[in-house]
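For reference, the structure is listed below as structure tokens.
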Amino acid sequence: MQTVKMVVTGPFAAGKTEFIRTISEIAVVSTERRISDFTRTIKDHTTVAMDFGRITVDDDLVLYLFGTPGQRRFDFMWEILAEGMLGFIVMVDSTRSETFREAKQIIEIFRSYTDTPFVVAANKQDLEDAWPPEDLRIILELEPWIKVLPCVATDKESVKTVLLELLYTILESYDN
Amino acid sequence: MALKGRLRDISLTQLLNLIRLARKTGALTINGRDGRVELYFKEGKVIHASLNGDGDLASLLLKSGRIQESKLQALVRQLGTSDDKELGLRLINAGYVSRSDILRAVRKHTLDVVLTALTWEDGDFQFELNKPPPPGRIVVPINLDSIVREGDQRQKELVELQEELPDLNVSVRFTENPGTDLSNIKLSRDEWRVISFINPRNTLAQIARYSGLDEFQIRRIVLKLMQNGLVEIVGPQAGRPQPAPQGASISAGKQMERPPSRPARSKPKAPAVEKGVVRRLINFIRGL
Ligand SMILES: Nc1nc2c(ncn2[C@@H]2O[C@H](COP(=O)(O)OP(=O)(O)O)[C@@H](O)[C@H]2O)c(=O)[nH]1
Ligand SMILES: [Mg+2]
């Protein structure tokens, strides 16, 4: 049986867990623990271990989705997670411009590990104050060939589209 | 729809660049410590600006010294309107100012406001798409390219500072024999404040916090003091293991340190799976 891995990364509360939960066939395995520091005001739980989702294609092909841990002290896990991945998705909370700088740094760090294809998901596009994907591209200083996709992580069709766009990008990477 | 945020997260240079590249039309409002700036754009060019509600023609002309206050006021009263275009026409017809005087004054004012706002390090901003300037205002389109270029330059400088002094979890101490004549060094208020906190027990991150400076400001100041031979780095306290630098970074402009990457290993280019596997994934997810 073959397993392939994709990584979902991005700043705290960008929607990584939600994204994986929406598409995974198993309940997302994530060790969530209440934390008492200031991050609590952003949401009640934060991920201290990684999220883990699964999509079974058939008897001999399984796709695993890993969400990177939400807190800085787990940064060391990024490189481990990045090892051998087919591609990665960078989730950005499009409504919280205070996280854009961090998103940019995360992209730079992942790109320093690997040339693996990736897409950026401009998440929470259902909310009124969402920055449009094309504006995010400029703020994040992404090259024109990098896909910045509108995303609503709670919506299955939207999550499918983002995954498919990443897979198309991966497919294209074979040709060059 | 509005784009919202804070300047400490997204600088005005970045915003102007966005507006220029996306050729946006609308109004950018910034509420900062020193007041409120409104910038109006049309198709990526700045066309009008106001600082704390100024920007009307009468005050611009007064500021430019092109016309006497009494004459202007009489005319404004007579006109009984706040329409700048009308006022401008009257002034031209009455021979008080020329058309180019007006355009120059408006242009200079817009640039002044933008340059002022560029010095703001914090403030809440909001960009409202397609919101026009107040009615009756005279608009002069100005290209943002050169303004943004200047802002970029400054940004690069800040990045360089970061490279020269990457770690803020170090402390500095006064050198025994400063290389320069101290009486020749002029120090700003912020620089003095930093100096007052210098102590091998205080990390630079702490000093910045105590003195209300952001990471760029503290770097700039400390590098200047180092270049003048006033202070030197002590380094993370030797012997004693430092606690993980939790909270050591300053809230403003959080900087992420890179985890050490593997030494010069070539990055994998093509994914290590068959193309067919990717196709199977695509077909399956399409059908979900
Ligand atoms: N409105 C909206 N909320 C979302 C979306 N994606 C995630 N959220 C919410 O944002 C919060 C943070 O999401 P989460 O997946 O836990 O973020 P993580 O820290 O990146 O794993 C949760 O309350 C989610 O329900 C979205 O597309 N739209
Ligand atoms: Mg999570």
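Sequence lines set the chain letters: A, B, ... in the order given, protein chains first and strands last, and positions in each chain run from 1.
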Interface check, chain A: of B:Ile19, B:Leu281, B:Leu21, B:Asn283, most non-hydrogen pairs under 4.5 Å belong to B:Leu281

Minimum heavy-atom distance between A:Asp93 and A:Phe100, given as atom pair plus value
O-CE2, 3.4 Å

With only heavy atoms counted, which part of A:Val4 is less than 4.5 Å from chain B, the side chain, the backbone, both or neither?
side chain

Proximal component of A:Thr56, with respect to chain B [non-hydrogen, under 4.5 Å]:
backbone

Heavy-atom contact with chain B under 4.5 Å, split by part of A:Leu167:
both

Assess, by modelled atom type and distance only, whether the side chains of A:Glu172 and A:Tyr174 contain a donor and an acceptor separated by less than 3.5 Å.
no

If I measure from the heavy atoms of chain B, does A:Glu98 come under 4.5 Å with its side chain, its backbone, both, or neither?
both

Sort B:Arg280 into side chain, backbone, both or neither according to what part of it lies under 4.5 angstrom from a heavy atom of chain A.
both

Choice from A:Ile139, A:Thr95, A:Asp135 maximising heavy atom contacts with chain B below 4.5 Å
A:Asp135

Face-on cation placement of B:Lys4 at B:Phe125 ring, 6.0 Å and 45° thresholds
no

Return yes if a side-chain donor-acceptor contact under 3.5 Å exists between A:Thr68 and A:Lys16, otherwise no.
no

Correct closest heavy-atom pair for A:Val119 and A:Leu166 would be CG1-CA, 3.8 Å

Let's test your reading of the structure: which of B:Lys24, B:Arg286, B:Arg6 forms the most heavy-atom pairs below 4.5 Å with chain A?
B:Arg286

With a 6.0 Å cut-off on the ring centroids, do A:Phe88 and A:Phe110 count as close?
yes

